[in-house]
Amino acid sequence: MDKITIAIDGYSSTGKSTVAKQIAKTLGYVYVDSGAMYRAVTLYAIQNGLISKDDFNKEALIYQLDTIVLSFKFNESLGYAEVYLNGENIEHKIRTLEVSSYVSKVAAIAEVRQKLVAIQKRIGEDKGVVMDGRDIGTVVFPNAELKLFMTASAATRAERRYQELKARGDNVSYADVLKNVTERDYIDTHRKESPLVKAKDAIEVDNSNLTLEAQFEKILRLAKMTIEDGE
Ligand code: DC
């Protein structure tokens with residue numbers, strides 16, 4: 001059975017990664033979280049004093065891009081690959097509200113996108129990949145056999161992210177999380193470089209009122225149909 005490429009795009013906190021991981025596991029495909037790469041570069045910028053509340057030294061970040069080495073290592077117990085920044089597992093450090101609050105600014109830089117898109121295309125060369133992000137169906141894999149565009153209301157998404165952060169023990173308020181979600185929506189859809197848009201041939205999935213299970217079943221059905229169509 002020939003493998004296909006599955007591109008999942010959409011607004012932040014629409015549950016893209018949850019369903020992408022489930023689908024990859026079921027089909028025996030590789031799951032790639034492209035947002036983790038933008039978060040990793042953002043963590044690098046924070047750790048090296050290049051970005052703060054009132055300052056962003058873009059030129060220095062662009063200059064230092066070649067020294068940022070990103071890699072993935074498969075974690076058997078989790079069932080997917082975790083991201084490493086210059087050899088360090090940073091999976092936990094990149095999921096904070098601090099990284100979330102700067103990541104859209106970093107992701108708007110053309111040079112950052114070029115570097116990360118090149119890595120993403122390389123990972124997907126042999127197909128059998130489920131990748132989620134904002135420009136996967138439009139820029140990274142414009143020929144993907146299956147493209148999904150996930151949506152849900154901002155309030156639903158903020159509530160999900162808030163519960164996630166609280167469960168990890170982060171001290172955040174719902175209002176701050178909602179503010180972050182709407183700010184990122186704005187920057188992600190209005191940036192000059194590869195803004196978040198629904199690819200013409202993407203199937204929209206609004207999961208505001210879908211259980212995780214119903215969403216998984218729906219997308220798995222679409223994936224199986226697409227695989228069979230190609231045979
Ligand atoms: O999926 P996420 O929330 O972890 O992504 C973090 C940020 O990275 C998001 O606000 C926009 C950016 N991003 C992007 O610009 N392009 C991608 N393919 C993935 C993420």
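Only this structure's heavy atoms are used, side chains among them; waters, hydrogens and symmetry mates stay out. All ligand and atom numbering here is 1-based and tracks the order in the structure. Fair warning: this is a prediction, and the values are worked out from it, not measured in the lab.
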Problem set entry | Pairing residues for E164 by the salt bridge (Lys or Arg N to Asp or Glu O under 4.0 Å) criterion, not counting sequence neighbours | R161
Problem set entry | Side chain to side chain, Q64 and Y44, heavy atoms closer than 4.5 Å | yes
For this session: Kindly indicate whether the side chain of I6, heavy atoms from C-beta on, has any atom under 4.5 Å from the side chain of I4.
Result: yes
Exercise. Are any of the side-chain nitrogens in D135 or R113 under 4.0 Å away from the carboxylate oxygens of its partner?
Worked result: yes
Exercise. Are side-chain heavy atoms of L85 and Q47 found at a separation under 4.5 Å?
Worked result: yes
Can you produce the list of protein nitrogen or oxygen atoms under 3.5 Å from a nitrogen or oxygen of ligand 1, alongside each distance?
{"residue": "ligand 1", "atom": "1 (O)", "partner": "R134", "partner atom": "NH1", "Å": "3.0"}
{"residue": "ligand 1", "atom": "3 (O)", "partner": "R39", "partner atom": "NH2", "Å": "3.3"}
{"residue": "ligand 1", "atom": "3 (O)", "partner": "R134", "partner atom": "NH2", "Å": "3.1"}
{"residue": "ligand 1", "atom": "3 (O)", "partner": "R184", "partner atom": "NH1", "Å": "2.9"}
{"residue": "ligand 1", "atom": "4 (O)", "partner": "R39", "partner atom": "NE", "Å": "2.7"}
{"residue": "ligand 1", "atom": "4 (O)", "partner": "R39", "partner atom": "NH2", "Å": "3.4"}
{"residue": "ligand 1", "atom": "10 (O)", "partner": "S104", "partner atom": "OG", "Å": "3.2"}
{"residue": "ligand 1", "atom": "10 (O)", "partner": "R184", "partner atom": "NH1", "Å": "3.0"}
{"residue": "ligand 1", "atom": "10 (O)", "partner": "D188", "partner atom": "OD2", "Å": "3.1"}
{"residue": "ligand 1", "atom": "15 (O)", "partner": "R113", "partner atom": "NH1", "Å": "2.8"}
{"residue": "ligand 1", "atom": "15 (O)", "partner": "R113", "partner atom": "NH2", "Å": "3.4"}
{"residue": "ligand 1", "atom": "15 (O)", "partner": "R191", "partner atom": "NH1", "Å": "2.9"}
{"residue": "ligand 1", "atom": "15 (O)", "partner": "R191", "partner atom": "NH2", "Å": "3.1"}
{"residue": "ligand 1", "atom": "16 (N)", "partner": "R113", "partner atom": "NH2", "Å": "3.0"}
{"residue": "ligand 1", "atom": "18 (N)", "partner": "S34", "partner atom": "OG", "Å": "3.0"}
{"residue": "ligand 1", "atom": "18 (N)", "partner": "R134", "partner atom": "N", "Å": "3.2"}
{"residue": "ligand 1", "atom": "18 (N)", "partner": "D135", "partner atom": "OD1", "Å": "2.8"}

For this session: Might you point out which heavy atoms bring A36 and R95 nearest each other, and give the distance in Å?
Result: CB-NH2, 3.8 Å
